[in-house]
There are 2 protein chains.
Amino acid sequence: MPKSHYKPDSFHLRDSIGYLIKRSQRLMQERIEGLFEQQNFTLQQWAVLMYLRDGLATTTADMCRNLHHDSGAMTRLVDQLESRKLIERRRSADDRRVVELSLTEAGAEVLDTLIPTACDALNSALDGFTREEVKTLQSMLRRLIGRMEELMPNSAAASDKEKVS
Amino acid sequence: MPKSHYKPDSFHLRDSIGYLIKRSQRLMQERIEGLFEQQNFTLQQWAVLMYLRDGLATTTADMCRNLHHDSGAMTRLVDQLESRKLIERRRSADDRRVVELSLTEAGAEVLDTLIPTACDALNSALDGFTREEVKTLQSMLRRLIGRMEELMPNSAAASDKEKVS
DNA sequence: CGGCAATGACTGCCTGGGCAGGCATTATAG
DNA sequence: CTATAATGCCTGCCCAGGCAGTCATTGCCG
(Lines give C-alpha, C1' and ligand atoms only; values in the text may rest on other atoms or scores of the structure.)
Protein backbone atom coordinates (compact mmCIF):
# COMPACT_ATOMS: atom_id res chain seq x y z
CA MET A 1 0.00 0.00 0.00
CA PRO A 2 1.81 3.06 -1.25
CA LYS A 3 1.80 6.11 0.95
CA SER A 4 -0.44 8.90 -0.30
CA HIS A 5 1.96 11.77 -0.47
CA TYR A 6 -0.55 13.80 -2.42
CA LYS A 7 -4.26 13.93 -1.64
CA PRO A 8 -6.85 15.35 -4.03
CA ASP A 9 -8.37 17.57 -1.34
CA SER A 10 -5.19 19.36 -0.43
CA PHE A 11 -3.46 19.28 -3.76
CA HIS A 12 -1.62 22.35 -4.98
CA LEU A 13 0.23 22.29 -8.24
CA ARG A 14 3.27 24.15 -7.02
CA ASP A 15 4.06 21.52 -4.39
CA SER A 16 3.87 18.70 -6.87
CA ILE A 17 7.04 16.82 -7.71
CA GLY A 18 5.95 16.79 -11.32
CA TYR A 19 5.72 20.55 -11.42
CA LEU A 20 9.06 21.03 -9.71
CA ILE A 21 10.77 18.60 -12.01
CA LYS A 22 9.28 20.19 -15.07
CA ARG A 23 10.37 23.62 -14.00
CA SER A 24 13.89 22.44 -13.18
CA GLN A 25 14.17 20.66 -16.48
CA ARG A 26 13.07 23.66 -18.47
CA LEU A 27 15.43 26.03 -16.69
CA MET A 28 18.31 23.63 -17.05
CA GLN A 29 17.66 23.20 -20.74
CA GLU A 30 17.33 26.93 -21.37
CA ARG A 31 20.51 27.55 -19.48
CA ILE A 32 22.67 24.95 -21.19
CA GLU A 33 21.29 25.62 -24.64
CA GLY A 34 21.84 29.29 -24.02
CA LEU A 35 25.49 28.60 -23.34
CA PHE A 36 25.66 26.36 -26.40
CA GLU A 37 23.98 28.96 -28.52
CA GLN A 38 27.13 30.43 -29.94
CA GLN A 39 27.88 27.07 -31.48
CA ASN A 40 24.24 26.42 -32.13
CA PHE A 41 23.69 23.11 -30.44
CA THR A 42 20.66 21.61 -28.86
CA LEU A 43 20.66 19.25 -25.91
CA GLN A 44 19.57 16.34 -28.06
CA GLN A 45 22.32 16.94 -30.58
CA TRP A 46 24.85 17.09 -27.79
CA ALA A 47 23.49 13.89 -26.28
CA VAL A 48 23.86 12.09 -29.60
CA LEU A 49 27.47 13.21 -29.91
CA MET A 50 28.18 12.15 -26.32
CA TYR A 51 26.62 8.74 -26.80
CA LEU A 52 28.68 8.23 -29.91
CA ARG A 53 31.86 9.27 -28.18
CA ASP A 54 31.24 6.93 -25.27
CA GLY A 55 30.16 4.07 -27.48
CA LEU A 56 26.79 3.90 -25.77
CA ALA A 57 25.07 3.69 -29.14
CA THR A 58 26.39 3.07 -32.62
CA THR A 59 23.29 2.97 -34.77
CA THR A 60 20.24 5.16 -35.15
CA ALA A 61 17.95 2.61 -33.58
CA ASP A 62 20.29 2.21 -30.62
CA MET A 63 20.31 5.93 -30.17
CA CYS A 64 16.53 6.10 -30.18
CA ARG A 65 16.17 3.37 -27.62
CA ASN A 66 18.83 4.67 -25.27
CA LEU A 67 17.86 8.31 -25.51
CA HIS A 68 14.15 7.50 -25.71
CA HIS A 69 13.80 9.63 -28.78
CA ASP A 70 11.49 9.38 -31.75
CA SER A 71 13.03 7.58 -34.69
CA GLY A 72 11.75 10.03 -37.27
CA ALA A 73 13.13 12.93 -35.31
CA MET A 74 16.40 11.07 -34.90
CA THR A 75 16.79 10.64 -38.64
CA ARG A 76 16.48 14.38 -39.14
CA LEU A 77 18.76 15.14 -36.22
CA VAL A 78 21.39 12.86 -37.69
CA ASP A 79 20.89 14.59 -41.03
CA GLN A 80 21.84 17.89 -39.46
CA LEU A 81 24.88 16.62 -37.63
CA GLU A 82 26.03 14.84 -40.76
CA SER A 83 25.63 17.93 -42.91
CA ARG A 84 27.74 19.77 -40.38
CA LYS A 85 30.42 17.10 -40.81
CA LEU A 86 30.33 16.19 -37.13
CA ILE A 87 29.30 12.58 -37.63
CA GLU A 88 29.33 10.09 -40.49
CA ARG A 89 26.83 7.53 -41.69
CA ARG A 90 28.04 4.21 -43.02
CA ARG A 91 25.89 1.33 -44.15
CA SER A 92 26.69 -1.78 -42.14
CA ALA A 93 28.13 -4.73 -44.05
CA ASP A 94 26.71 -7.34 -41.70
CA ASP A 95 23.17 -6.07 -41.72
CA ARG A 96 22.46 -3.82 -44.63
CA ARG A 97 19.41 -2.31 -42.95
CA VAL A 98 21.63 -0.75 -40.33
CA VAL A 99 23.43 2.57 -40.58
CA GLU A 100 26.49 2.82 -38.38
CA LEU A 101 27.21 6.23 -36.95
CA SER A 102 30.63 7.51 -36.07
CA LEU A 103 32.10 10.71 -34.73
CA THR A 104 34.39 12.69 -37.00
CA GLU A 105 37.42 14.54 -35.74
CA ALA A 106 35.53 17.78 -36.02
CA GLY A 107 32.80 16.26 -33.91
CA ALA A 108 35.25 15.22 -31.23
CA GLU A 109 36.78 18.69 -31.20
CA VAL A 110 33.39 20.30 -30.79
CA LEU A 111 32.70 18.03 -27.84
CA ASP A 112 35.89 19.18 -26.18
CA THR A 113 34.50 22.70 -26.04
CA LEU A 114 30.93 21.70 -25.22
CA ILE A 115 31.60 19.43 -22.27
CA PRO A 116 33.34 22.01 -20.05
CA THR A 117 30.52 24.43 -20.74
CA ALA A 118 27.95 21.88 -19.68
CA CYS A 119 29.93 20.99 -16.56
CA ASP A 120 30.08 24.64 -15.60
CA ALA A 121 26.36 24.99 -16.05
CA LEU A 122 25.67 21.95 -13.89
CA ASN A 123 28.15 22.98 -11.22
CA SER A 124 26.81 26.49 -10.98
CA ALA A 125 23.27 25.15 -10.74
CA LEU A 126 24.41 22.86 -7.93
CA ASP A 127 26.31 25.59 -6.14
CA GLY A 128 25.56 25.24 -2.46
CA PHE A 129 24.98 21.51 -2.66
CA THR A 130 27.33 19.17 -0.86
CA ARG A 131 28.70 16.04 -2.47
CA GLU A 132 26.30 13.95 -0.40
CA GLU A 133 23.34 16.05 -1.41
CA VAL A 134 24.15 15.65 -5.08
CA LYS A 135 24.48 11.92 -4.64
CA THR A 136 21.18 11.82 -2.80
CA LEU A 137 19.48 13.81 -5.52
CA GLN A 138 20.89 11.56 -8.23
CA SER A 139 19.84 8.45 -6.39
CA MET A 140 16.32 9.74 -5.77
CA LEU A 141 15.88 10.66 -9.41
CA ARG A 142 17.10 7.24 -10.44
CA ARG A 143 14.60 5.61 -8.12
CA LEU A 144 11.86 7.78 -9.57
CA ILE A 145 12.87 6.85 -13.09
CA GLY A 146 12.99 3.21 -12.14
CA ARG A 147 9.54 3.32 -10.61
CA MET A 148 8.03 5.02 -13.63
CA GLU A 149 9.66 2.66 -16.09
CA GLU A 150 8.04 -0.17 -14.20
CA LEU A 151 4.71 1.59 -14.51
CA MET A 152 5.04 2.21 -18.23
CA PRO A 153 5.12 -1.12 -20.01
CA ASN A 154 5.71 0.22 -23.51
CA SER A 155 8.07 3.09 -23.95
CA ALA A 156 11.34 1.93 -22.49
CA ALA A 157 12.75 -0.42 -19.87
CA ALA A 158 14.25 -2.38 -22.74
CA SER A 159 17.56 -0.62 -22.52
CA ASP A 160 19.30 -3.14 -20.32
CA LYS A 161 17.77 -6.34 -21.50
CA GLU A 162 19.98 -7.60 -24.26
CA LYS A 163 22.21 -9.29 -21.74
CA VAL A 164 19.61 -11.89 -20.81
CA SER A 165 20.27 -15.53 -21.67
CA MET B 1 34.15 28.93 -5.06
CA PRO B 2 31.51 26.42 -6.07
CA LYS B 3 32.39 22.76 -5.77
CA SER B 4 33.02 21.04 -9.08
CA HIS B 5 30.62 18.17 -8.92
CA TYR B 6 31.19 17.44 -12.58
CA LYS B 7 34.57 17.52 -14.27
CA PRO B 8 35.03 17.55 -18.05
CA ASP B 9 37.51 14.68 -17.95
CA SER B 10 35.28 12.26 -16.15
CA PHE B 11 31.94 13.42 -17.43
CA HIS B 12 29.34 10.89 -18.42
CA LEU B 13 25.95 11.97 -19.58
CA ARG B 14 24.00 9.37 -17.68
CA ASP B 15 25.26 10.60 -14.32
CA SER B 16 24.34 14.18 -15.04
CA ILE B 17 21.60 15.77 -13.01
CA GLY B 18 20.34 17.41 -16.17
CA TYR B 19 19.95 14.08 -17.88
CA LEU B 20 18.23 12.48 -14.91
CA ILE B 21 15.84 15.37 -14.53
CA LYS B 22 15.00 15.38 -18.19
CA ARG B 23 14.30 11.67 -18.17
CA SER B 24 12.14 11.93 -15.04
CA GLN B 25 10.22 14.82 -16.48
CA ARG B 26 9.50 13.06 -19.72
CA LEU B 27 8.36 9.86 -18.02
CA MET B 28 6.17 11.79 -15.61
CA GLN B 29 4.57 13.75 -18.41
CA GLU B 30 3.95 10.68 -20.55
CA ARG B 31 2.46 8.89 -17.58
CA ILE B 32 0.09 11.62 -16.48
CA GLU B 33 -0.94 12.60 -19.98
CA GLY B 34 -1.52 8.95 -20.70
CA LEU B 35 -3.92 8.79 -17.78
CA PHE B 36 -5.56 12.01 -18.93
CA GLU B 37 -5.81 10.75 -22.46
CA GLN B 38 -9.36 9.53 -22.18
CA GLN B 39 -10.44 13.08 -21.47
CA ASN B 40 -7.83 14.45 -23.82
CA PHE B 41 -5.93 16.84 -21.63
CA THR B 42 -2.38 17.99 -21.72
CA LEU B 43 -0.31 18.95 -18.70
CA GLN B 44 -0.32 22.61 -19.69
CA GLN B 45 -4.08 22.68 -20.07
CA TRP B 46 -4.46 21.08 -16.69
CA ALA B 47 -2.04 23.57 -15.15
CA VAL B 48 -4.06 26.48 -16.53
CA LEU B 49 -7.25 25.07 -15.07
CA MET B 50 -5.55 24.51 -11.71
CA TYR B 51 -4.14 28.00 -11.60
CA LEU B 52 -7.55 29.41 -12.37
CA ARG B 53 -9.18 27.32 -9.68
CA ASP B 54 -6.64 28.38 -7.08
CA GLY B 55 -6.71 32.00 -8.12
CA LEU B 56 -2.98 31.95 -8.86
CA ALA B 57 -3.59 33.73 -12.16
CA THR B 58 -6.61 35.49 -13.54
CA THR B 59 -5.43 36.88 -16.86
CA THR B 60 -3.54 35.45 -19.80
CA ALA B 61 -0.42 37.48 -19.05
CA ASP B 62 -0.48 36.33 -15.42
CA MET B 63 -0.73 32.78 -16.58
CA CYS B 64 2.25 33.17 -18.91
CA ARG B 65 4.41 34.67 -16.22
CA ASN B 66 3.53 32.17 -13.54
CA LEU B 67 3.67 29.12 -15.73
CA HIS B 68 6.59 30.46 -17.74
CA HIS B 69 4.75 29.80 -20.94
CA ASP B 70 4.85 31.53 -24.29
CA SER B 71 2.12 34.11 -24.71
CA GLY B 72 1.27 33.12 -28.25
CA ALA B 73 0.97 29.50 -27.24
CA MET B 74 -1.14 30.55 -24.25
CA THR B 75 -3.61 32.35 -26.47
CA ARG B 76 -4.17 29.21 -28.49
CA LEU B 77 -4.35 27.04 -25.39
CA VAL B 78 -7.01 29.32 -23.95
CA ASP B 79 -8.83 29.16 -27.29
CA GLN B 80 -9.09 25.42 -26.94
CA LEU B 81 -10.25 25.41 -23.36
CA GLU B 82 -12.78 28.10 -24.16
CA SER B 83 -14.15 26.22 -27.15
CA ARG B 84 -14.56 23.24 -24.85
CA LYS B 85 -16.58 25.46 -22.49
CA LEU B 86 -14.23 24.82 -19.60
CA ILE B 87 -13.21 28.45 -19.12
CA GLU B 88 -14.58 31.83 -20.11
CA ARG B 89 -12.97 34.99 -21.41
CA ARG B 90 -14.25 38.36 -20.31
CA ARG B 91 -12.82 41.71 -21.24
CA SER B 92 -11.82 43.62 -18.13
CA ALA B 93 -13.66 46.87 -17.45
CA ASP B 94 -10.79 48.50 -15.59
CA ASP B 95 -8.16 47.83 -18.21
CA ARG B 96 -9.66 47.03 -21.56
CA ARG B 97 -6.47 45.42 -22.78
CA VAL B 98 -6.90 42.68 -20.24
CA VAL B 99 -8.91 39.51 -20.67
CA GLU B 100 -10.09 38.00 -17.41
CA LEU B 101 -10.27 34.24 -17.34
CA SER B 102 -12.64 32.23 -15.22
CA LEU B 103 -13.44 28.59 -14.69
CA THR B 104 -16.87 27.38 -15.71
CA GLU B 105 -18.79 24.77 -13.77
CA ALA B 106 -17.91 22.22 -16.40
CA GLY B 107 -14.27 23.14 -15.93
CA ALA B 108 -14.48 22.67 -12.18
CA GLU B 109 -16.15 19.31 -12.64
CA VAL B 110 -13.45 18.16 -15.01
CA LEU B 111 -10.85 19.14 -12.45
CA ASP B 112 -12.57 16.98 -9.86
CA THR B 113 -11.85 13.96 -12.00
CA LEU B 114 -8.40 15.03 -13.13
CA ILE B 115 -6.88 15.80 -9.75
CA PRO B 116 -7.31 12.33 -8.22
CA THR B 117 -5.80 10.83 -11.34
CA ALA B 118 -2.77 13.07 -11.08
CA CYS B 119 -2.39 12.34 -7.37
CA ASP B 120 -2.46 8.64 -8.06
CA ALA B 121 0.20 9.02 -10.71
CA LEU B 122 2.43 11.00 -8.39
CA ASN B 123 1.90 8.67 -5.48
CA SER B 124 2.61 5.59 -7.49
CA ALA B 125 5.76 7.19 -8.87
CA LEU B 126 6.83 7.97 -5.33
CA ASP B 127 6.01 4.52 -4.05
CA GLY B 128 8.82 3.46 -1.76
CA PHE B 129 9.69 7.00 -0.76
CA THR B 130 9.20 8.05 2.83
CA ARG B 131 7.61 11.36 3.77
CA GLU B 132 11.00 12.75 4.62
CA GLU B 133 12.48 11.67 1.33
CA VAL B 134 9.73 13.39 -0.59
CA LYS B 135 10.24 16.54 1.40
CA THR B 136 13.96 16.36 0.78
CA LEU B 137 13.42 15.89 -2.93
CA GLN B 138 11.01 18.81 -3.08
CA SER B 139 13.37 21.03 -1.19
CA MET B 140 16.35 20.12 -3.35
CA LEU B 141 14.42 20.80 -6.52
CA ARG B 142 13.31 24.14 -5.15
CA ARG B 143 16.89 25.02 -4.35
CA LEU B 144 17.92 24.04 -7.85
CA ILE B 145 15.17 26.15 -9.35
CA GLY B 146 16.14 29.05 -7.17
CA ARG B 147 19.77 28.80 -8.18
CA MET B 148 18.95 28.70 -11.85
CA GLU B 149 16.53 31.60 -11.67
CA GLU B 150 19.35 33.63 -10.18
CA LEU B 151 21.56 32.63 -13.06
CA MET B 152 19.01 33.51 -15.70
CA PRO B 153 18.32 37.24 -15.58
CA ASN B 154 15.62 37.31 -18.20
CA SER B 155 13.14 34.52 -18.27
CA ALA B 156 11.51 34.53 -14.88
CA ALA B 157 12.24 35.39 -11.26
CA ALA B 158 9.64 38.12 -11.61
CA SER B 159 6.89 35.94 -10.23
CA ASP B 160 7.11 37.14 -6.62
CA LYS B 161 8.08 40.73 -7.07
CA GLU B 162 4.86 42.66 -7.22
CA LYS B 163 4.76 42.84 -3.45
CA VAL B 164 7.73 45.17 -3.25
CA SER B 165 7.22 48.75 -2.05
C1' DC C 1 12.92 -22.83 -51.07
C1' DG C 2 8.75 -19.58 -50.14
C1' DG C 3 5.83 -16.88 -47.28
C1' DC C 4 5.49 -13.84 -43.41
C1' DA C 5 6.68 -11.36 -39.41
C1' DA C 6 10.19 -8.28 -37.46
C1' DT C 7 13.57 -4.78 -37.78
C1' DG C 8 15.97 -0.42 -39.26
C1' DA C 9 15.93 3.80 -41.64
C1' DC C 10 13.29 7.08 -43.67
C1' DT C 11 9.17 10.30 -45.12
C1' DG C 12 4.82 13.01 -44.78
C1' DC C 13 1.51 14.99 -41.90
C1' DC C 14 -0.05 17.14 -37.68
C1' DT C 15 0.42 19.61 -33.42
C1' DG C 16 2.43 22.74 -30.05
C1' DG C 17 5.96 25.84 -28.56
C1' DG C 18 9.40 29.84 -29.70
C1' DC C 19 9.69 34.12 -31.81
C1' DA C 20 8.69 38.38 -34.13
C1' DG C 21 5.40 41.58 -35.44
C1' DG C 22 0.73 43.97 -35.14
C1' DC C 23 -3.11 46.29 -32.95
C1' DA C 24 -5.54 48.37 -29.20
C1' DT C 25 -5.21 50.33 -24.79
C1' DT C 26 -2.96 52.42 -20.91
C1' DA C 27 0.96 54.79 -18.60
C1' DT C 28 4.45 58.28 -18.72
C1' DA C 29 7.02 62.42 -20.13
C1' DG C 30 7.20 66.97 -21.75
C1' DC D 1 -3.03 67.79 -24.08
C1' DT D 2 0.23 65.28 -27.15
C1' DA D 3 3.85 62.21 -28.28
C1' DT D 4 6.14 58.21 -26.95
C1' DA D 5 6.77 54.11 -24.41
C1' DA D 6 4.91 50.05 -22.27
C1' DT D 7 1.52 46.45 -21.74
C1' DG D 8 -1.80 42.79 -23.04
C1' DC D 9 -3.58 39.95 -26.43
C1' DC D 10 -3.44 38.06 -30.76
C1' DT D 11 -1.53 36.24 -35.42
C1' DG D 12 1.77 34.29 -38.75
C1' DC D 13 5.80 31.76 -39.50
C1' DC D 14 9.26 28.37 -38.39
C1' DC D 15 11.03 24.31 -36.22
C1' DA D 16 11.17 19.95 -33.62
C1' DG D 17 8.84 16.04 -31.86
C1' DG D 18 4.92 12.38 -32.12
C1' DC D 19 2.76 9.25 -35.12
C1' DA D 20 1.62 6.43 -39.00
C1' DG D 21 2.99 4.45 -43.06
C1' DT D 22 6.67 2.89 -46.68
C1' DC D 23 10.57 0.32 -48.30
C1' DA D 24 14.41 -2.67 -48.00
C1' DT D 25 16.53 -6.21 -45.51
C1' DT D 26 16.77 -9.97 -42.33
C1' DG D 27 15.00 -13.78 -39.42
C1' DC D 28 11.82 -17.41 -38.78
C1' DC D 29 9.01 -21.39 -39.85
C1' DG D 30 6.77 -24.54 -42.51
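Each chain gets a letter, A, B and so on, in the order the sequences are listed, and its residues count up from 1.
The residues A:D95 and A:R97 are annotated as salt-bridged, a charged nitrogen and a carboxylate oxygen being separated by less than 4.0 angstrom.
For A:C64, the side chain to side chain contact (heavy atoms under 4.5 Å, CB included) partners are A:S71, A:M74, not counting sequence neighbours. For B:R147, the salt bridge (charged side-chain N to carboxylate O under 4.0 Å, His left out) partners two or more places apart in sequence, or in a different chain, are A:D127, B:E150. Scanning for ring pair (Phe, Tyr, Trp, His ring centres under 6.0 Å) contacts around B:Y51 gives an empty result, with sequence neighbours left out. Partners of A:R89 by salt bridge (charged side-chain N to carboxylate O under 4.0 Å, His left out), not counting sequence neighbours, listed by chain and number: A:D79, A:E82. Taking the side chain to side chain contact (heavy atoms under 4.5 Å, CB included) definition, one finds that A:T58 meets it with A:D62, A:E100, sequence neighbours left out. Take A:Q80 and apply the side chain to side chain donor-acceptor pair (under 3.5 Å) test, not counting sequence neighbours, and it matches A:Q45. Residues passing the side chain to side chain contact (heavy atoms under 4.5 Å, CB included) test with A:D54, sequence neighbours excluded: A:M50, A:L56, B:H12. Partners of B:R26 according to the side chain to side chain contact (heavy atoms under 4.5 Å, CB included) rule, which considers only residues two or more places apart in sequence or in another chain, are B:R23, B:E30.
Rounding to whole angstrom units, CG of residue A:L81 and P of D:dA16 are separated by 11 Å. At whole-Å resolution of the value, CG in B:L77 and P in D:dC10 are 12 Å apart. Atom CE of A:M74 and atom C1' of D:dG17 are 11 Å apart (whole Å).
Distances shown here put every side-chain N or O of B:R91 at or beyond 4.0 Å from the OP1 or OP2 atom of D:dG8.
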Treat primed atoms plus P, OP1 and OP2 as sugar-phosphate and everything else as base, then score nucleotides 18-29 of chain D 5' to 3': B for base contact with protein heavy atoms under 4.0 Å, S for sugar-phosphate contact only, - for none.
BB----BBS---
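Residue contacts for B:Q80: at a heavy-atom cut-off of 4.0 Å it reaches the sugar-phosphate backbone alone, with no base atom in range.
The cationic atom of A:R31 (NZ for Lys, CZ for Arg) does not lie both less than 6.0 Å from the six-membered ring centre of A:F36 and within 45° of the ring axis.
Listed by first then second residue, pairs satisfying salt bridge (Lys or Arg N to Asp or Glu O under 4.0 Å) with a partner in residues 104-124 of chain B number zero, not counting sequence neighbours.
Residues from residues 52-63 of chain B lying near DNA chain D, meaning a heavy-atom separation below 4.0 Å, are B:T59, B:T60, B:A61 in numerical order.
Here the range on DNA chain C touched by chain A, meaning any atom under 4.0 Å from one of its heavy atoms, is C:dA6 to C:dG18.
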